[in-house]
Amino acid sequence: MLEGKPLADKMRPESLQDYIGQSRAVGQETLLRSLLETNEIPSLILWGPPGCGKTTLAHIIANNSKKHSIRFVTLSATNAKTNDVRDVIKQAQNEKSFFKRKTILFIDEIHRFNKSQQDTFLPHVECGTITLIGATTENPSFQVNAALLSRCRVIVLEKLPVEAMVTILMRAINSLGIHVLDSSRPSDPLSHSSNSSSEPSVFIEDKAVDTLAYLSDGDARTGLNGLQLAVLARLSSRKMFCKKSGQAYSPSRVLITENDVKEGLQRSHILYDRAGEEHYNCISALHKAMRGSDQNASLYWLARMLEGGEDPLYVARRLVRFASEDIGLADPSALTQAVAAYQGCHFIGMPECEVLLAQCVVYFARAPKSIEVYSAYNNVKACLRNHQGPLPPVPLHLRNAPTRLMKDLGYGKGYKYNPMYSEPVDQEYLPEELRGADFFKQRRC
Ligand SMILES: Nc1ncnc2c1ncn2[C@@H]1O[C@H](COP(=O)(O)OP(=O)(O)OP(=O)(O)O)[C@@H](O)[C@H]1O
């Protein structure tokens with residue numbers, strides 16, 4: 001059972017009965033549930049974080065539709081070309097006109113198709129030649145053509161909660177024949193049960209299951225792969241031990257501990273809590289390392305986040321902020337670099353975009369730093385916050401006077417239009433009571 005395909009693939013549910021959680025999207029009372037049960041599948045966009053069950057839900061729909069002789073075709077936007085899409089559409093047209101058979105087209109990672117590729121489906125979804133099911137981890141409002149989006153029902157799938165993760169892991173644990181040890185009743189697992197088969201009995205601590213469920217951060221694939229690696233690592237270390245000590249490898253009992261699952265997770269997915277504290281700790285460490293001009297530490301914290309599955313756009317957004325907050329006018333092109341890195345990440349996604357972020361992070365670590373604008377702006381904000389009473393009015397000479405009445409009220413009166421003067425113009429731009437304020441030197445409010 002542990003050899004060959006990843007455990008996550010082997011455990012993929014075949015029907016809605018085994019599909020855990022996501023009750024808001026496909027619970028008993030939902031519209032989608034009734035549509036699926038009556039096999040009235042509308043075009044759908046399944047939107048949710050990695051490993052929450054988008055592909056699985058599409059597979060369940062596929063199983064259902066095959067029973068009703070509906071064709072189900074899958075394409076992945078990461079490698080499909082526009083021609084592949086055209087072929088599928090042509091085939092769907094033939095099936096519809098000659099055999100009256102419907103086609104459901106599932107496109108994984110639909111956000112990776114550009115807008116014109118997405119346009120290819122539009123008329124065929126509209127006239128019912130294909131029912132489109134797209135899966136995406138990205139917000140479809142930005143990633144899917146508005147016209148296509150308006151013809152699809154968007155189903156939002158959520159990160160799987162810890163309890164759902166425990167259920168999914170327990171299903172795998174049971175199907176692998178692993179025994180769960182109850183930590184409230186400590187006993188030696190090696191004397192737990194007799195074992196007459198040629199396979200070793202595998203035990204897992206209950207707290208190891210909880211830890212795995214918690215650290216998988218709502219991603220069932222990560223959890224199942226972590227479990228698989230922990231079991232395989234334990235079994236092979238047992239074999240190694242027997243080999244080294246010259247003992248014959250005999251059927252025995254193997255215990256998977258909390259540490260084993262942590263190690264298993266670390267291998268499949270660097271231990272990193274994307275939603276929790278670790279996320280904020282790492283981004284803060286990256287920011288401080290760049291501020292301190294330490295290029296090695298900057299790269300290290302970047303890699304910790306990306307290898308741990310962090311959203312590259314989250315990091316890129318922080319870089320945009322850093323460019324102005326910490327580098328500012330000491331190197332104004334830093335902001336251009338950051339925005340370009342953000343757009344690049346947006347275009348190509350992970351893993352290709354990692355080097356864009358690395359380039360930007362090293363550039364920032366090496367760049368001269370200035371907080372001049374950042375501090376001055378903070379001084380202005382403090383000035384506004386601390387102001388007592390009503391804020392001063394905009395001086396009349398600085399006001400625009402688009403109407404006669406405004407002119408009559410003195411708007412714009414006495415304003416000196418700078419391009420008309422060859423000498424520096426003596427003119428006040430701050431309200432009267434702030435005259436002489438210098439936010440760049442110190443607060444004066
Ligand atoms: N709701 C669920 N119930 C039971 N098992 C699930 C569920 N969601 C995911 N799984 C398990 O996790 C594995 C990965 O899920 P799936 O491929 O559906 O994720 P996904 O949302 O399509 O992720 P990605 O965006 O990374 O492709 C599945 O093979 C299945 O074993």
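Because the structure is a prediction, the values reported are computed rather than measured. Residue indices begin at 1 and follow the sequence shown. All values below were derived from every heavy atom in this structure, side-chain atoms included, with hydrogens, water molecules and symmetry-related copies excluded. Remember, it's 1-based here, ligands and their atoms both numbered in the order they're listed.
Thr211 and Glu258 form a side-chain donor-acceptor contact under 3.5 Å, judged by distance and modelled atom types alone. Side-chain atoms of Tyr314 and Arg318 form no donor-acceptor pair, as typed in the model, at a separation below 3.5 Å. Side chain to side chain, Lys369 and Ser293 meet the donor-acceptor criterion of an N or O pair below 3.5 Å. For Asp260 and Thr257, the side-chain atoms include at least one donor-acceptor pair closer than 3.5 Å.
Look at Asp210 and Lys207 and you find no salt bridge, because none of the NZ, NE, NH1 or NH2 atoms lies under 4.0 Å from a carboxylate O.
Within 4.0 Å of ligand 1, contacts by protein heavy atoms are made from Ala8, Met11, Arg12, Pro13, Asp18, Tyr19, Ile20, Pro49, Pro50, Gly51, Cys52, Gly53, Lys54, Thr55, Thr56, Thr137, Leu160, Ile168, Ala220, Arg221, Leu224.
Here salt bridge (charged side-chain N to carboxylate O under 4.0 Å, His left out) pairs that include residues 25-45, with residues two or more places apart or in two chains, are Arg33-Glu37.
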